[in-house]
2 protein chains.
Amino acid sequence: MNPFLDPELSPDVSARTDTQPNRLEGQLSDPLRDPAPMFDLIELLFFAYRDFVGDADRILETYRFGRAHHRVVHFVTRQPGLTIAELLDILRITKQSLGRVLKELLDEGFVESRAGVNDRRQRHLYPTAEGRRLAMDLAQLQSERFAHALEGLPCEARGHMIQFFLAMIDPSDRAHVSALVWPEGSAQQRPAR
Amino acid sequence: MNPFLDPELSPDVSARTDTQPNRLEGQLSDPLRDPAPMFDLIELLFFAYRDFVGDADRILETYRFGRAHHRVVHFVTRQPGLTIAELLDILRITKQSLGRVLKELLDEGFVESRAGVNDRRQRHLYPTAEGRRLAMDLAQLQSERFAHALEGLPCEARGHMIQFFLAMIDPSDRAHVSALVWPEGSAQQRPAR
DNA sequence: TGAAATATGTCAACAAAGCTGTCGTAATTA
DNA sequence: TAATTACGACAGCTTTGTTGACATATTTCA
C-alpha cells in the first residue's frame, strides 16, 4: 500500500524536472520509424475544443438544453428537410438517443417534423424560426472564436485549417462530410484540389 | 399534431434545395458587422475531433477504460508527480469525478500515488510502466493521424496549427496551457512571438 | 394480393462521466 | 490550540450514450 515500499518505480519523488516523458529506457525504439508523439498538438486540440464547445454550452444552459440538442438543431438548420435516418447517419448515435433530445426540441418548438410526400414513412425535419435563430446564434458565437484565432495568421492559414481538418477525418467519411459541409450549389470555397 | 395542419411554417416540403440556411428573411442583419458563420470550420472541427478521439477509444475499450481514464493517464505521464489539485485544475472536473477513474487506474496498476515529502497531505501521481506505455501508445496513434493530416500541407502549416489552437483557448487559460504543453526546459518548438 | 422489408416510435434497463452535498481524517498553518 | 488545507468517500442526481424488444405505418417485391 505504502508507495514508498515499492522500490521498482522511479524514485525521484521530488523530481518535477522529469517532465518530458522520455521513452522507457531499455526499450529500444527507432526515432525515425517511431517519432516522438506530437504532445503539443494533442493537448492544444484538447483545450481548444473544450473552450470551443464551452461557448455554446453557456447559451444552451439558458434553454436547459445540452450539447446533444445543439447538434440536432445545428444540422437540421444546415440541412432543412433531412430525414431521421440521415440525421442518425450524421450523428452516429442510436435512434433512441436521438429520439430523446429530438422529442424535447419538437415539444418546445425548435424543430418541426413532417411526413415525407414521396415516402410517407419518413419524417423530414425543419427548424422553426426559433430553432433557426438558436442555431445561428450558436454558430455565430463559435465563428467569432474562429475569427479571433485566425486574426494573427496569414490569410492562407484558413485554407490550411480546412484542409487539415478534412484530412483528420477518416478517409471513408470524407466524401460524406464534404457533401454536408459544401452542399450542391454552395458558393462556399471548397478546398483546392 | 399533424404537421400538415400548420400553415405557418415554410411549405417547401420537398425542398432539399433550401440547403443553405439563409438568414431569416425580414430580419435585417448587417453582413459586415455580422458576417456569415463559418459552418465549414465548425463542422470540420466537430468531425475531426470525433475521429481523433475515436482512435483512442478503440484501444481504451480493450482495457475497459473510457476517455476519462485516457485524460488522467495522459497528463500523469506528461507531468509525473503532479498532485491531485493540479490534475483537477487541468481537467476542470470535480474531485469526485476524478476520484472514480483515478481509483480504477490505481487499482489496476496504471498510476501510482505517493504522499508528498514537503507536504504529506498531498498525493503525487506517477505512471507505472504499464500506464506510461498505454499513454504513449495512445499519443502515438493520435500523432499518426496528425502526421497524415499535415502531409499535404506546407511545412509552415504546423506552426500555424499550433498558433491557431492556442488562440482558440480562452485568453485567461493560455498561460496555464502553454506552461503545460511546453514545460520548463522543454526543447520543443514554442510558437514564435 | 400477400409477405417481407423499411422508417420510425417507444418502453425498459443499463453505463459512462459529469454534477452537488456532506462528512471524515490527516497534516499544515496561523 | 484552532482554523485551514488536501484528499477520500458515500449518496444521489443528470445527461447522453448503449442494447434489446416490440409496435405501427408504409412501401416493395414475388
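Because the structure is predicted, anything quoted here is derived from the model rather than measured. In what follows, every chain begins at residue 1, and chains take the letters A, B, ... in the order their sequences are listed.
Remark: P of C:dA16 and CZ of B:R71 are 15 Å apart, rounded to the nearest angstrom. For the pair A:R123 CZ and C:dT6 C1', the computed distance is 13 Å after rounding to whole Å. The distance from atom CD1 of A:I84 to atom C1' of C:dT10 is 13 Å, rounded to the nearest whole Å. One interatomic measurement links the two molecules: CG of B:L102 to C1' of D:dC7, which rounds to 11 Å at whole-angstrom precision. Atom CG in B:L91 sits roughly 8 Å away from atom P in C:dG18 (whole-Å rounding). Rounded to whole angstrom, the span from the CZ atom of B:R67 across to the P atom of C:dA15 amounts to 19 Å. One interatomic measurement links the two molecules: CD of A:E104 to P of C:dG9, which rounds to 15 Å at whole-angstrom precision. Computed from coordinates, the A:H69 NE2 to D:dT15 P distance equals 8 Å when rounded to whole Å.
The cationic atom of B:R114 (NZ for Lys, CZ for Arg) lies less than 6.0 Å from the six-membered ring centre of B:Y126 and within 45° of the ring axis.
If you check D:dT18, D:dC7, C:dA17 against the side chain of B:Q122, the one that comes closest is D:dC7. Nearest to the side chain of A:A85, among D:dG17, C:dT8, D:dG8, sits C:dT8. If you check C:dG18, C:dA17, D:dC7 against the side chain of B:S97, the one that comes closest is C:dG18. Among the nucleotides C:dG18, C:dT8, D:dT16, the one closest to the side chain of A:T83 is C:dT8. In this structure, of C:dA17, D:dG17, C:dG9, it is D:dG17 that holds the atom nearest to the side chain of A:R100.
The base of D:dG8 sits with one of its N or O atoms less than 3.5 Å from a complementary donor or acceptor on the side chain of B:K95. With hydrogens and angles ignored, no donor-acceptor pair under 3.5 angstrom links the side chain of B:Q96 to the base of D:dG12.
Residue-level contact check: A:R92 touches the backbone only, with heavy atoms under 4.0 Å from sugar-phosphate atoms and none from bases. Using a 4.0 Å heavy-atom criterion, one finds that A:G99 contacts no nucleic acid atom at all.
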I'd like a table of atom pairs between the protein and nucleotides 26-30 of chain D - only N or O on both sides, under 3.5 Å - with the distance next to each one.
residue, atom, partner, partner atom, Å
D:dT26, OP1, A:R120, NH2, 3.1
D:dT26, O2, A:R121, NH1, 3.3
D:dT27, OP1, A:R120, N, 3.2

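Summarising the geometry, atom CG belonging to A:L125 is positioned 6.5 Å from atom CG belonging to A:L87; distances are rounded to the nearest 0.5 Å.
Between A:H69 and A:E108, the closest side-chain pair of non-hydrogen atoms is not below 4.5 Å. Residues B:H176 and A:F47 form no side-chain contact, since every pair of their non-hydrogen atoms from C-beta on lies 4.5 Å or further apart.
Between A:F75 and B:F46, the two ring planes are tilted [angle within 30° to 60°].
Regarding contacts with the backbone of D:dG17, every side-chain N or O of A:T94 stays at 4.0 angstrom or more from both OP1 and OP2.
Within the 6.0 Å centre-distance limit, the rings of B:Y63 and B:F110 are counted as a close aromatic pair.
With sequence neighbours excluded, the residues forming a side chain to side chain contact (heavy atoms under 4.5 Å, CB included) with A:R158 are A:L150, A:I162, A:Q189, B:M38, B:D40, B:L41, listed by chain and number.
Other residues, nucleotides and ligands contribute more than 12 heavy atoms inside 6.0 Å of the CG atom of B:D107.
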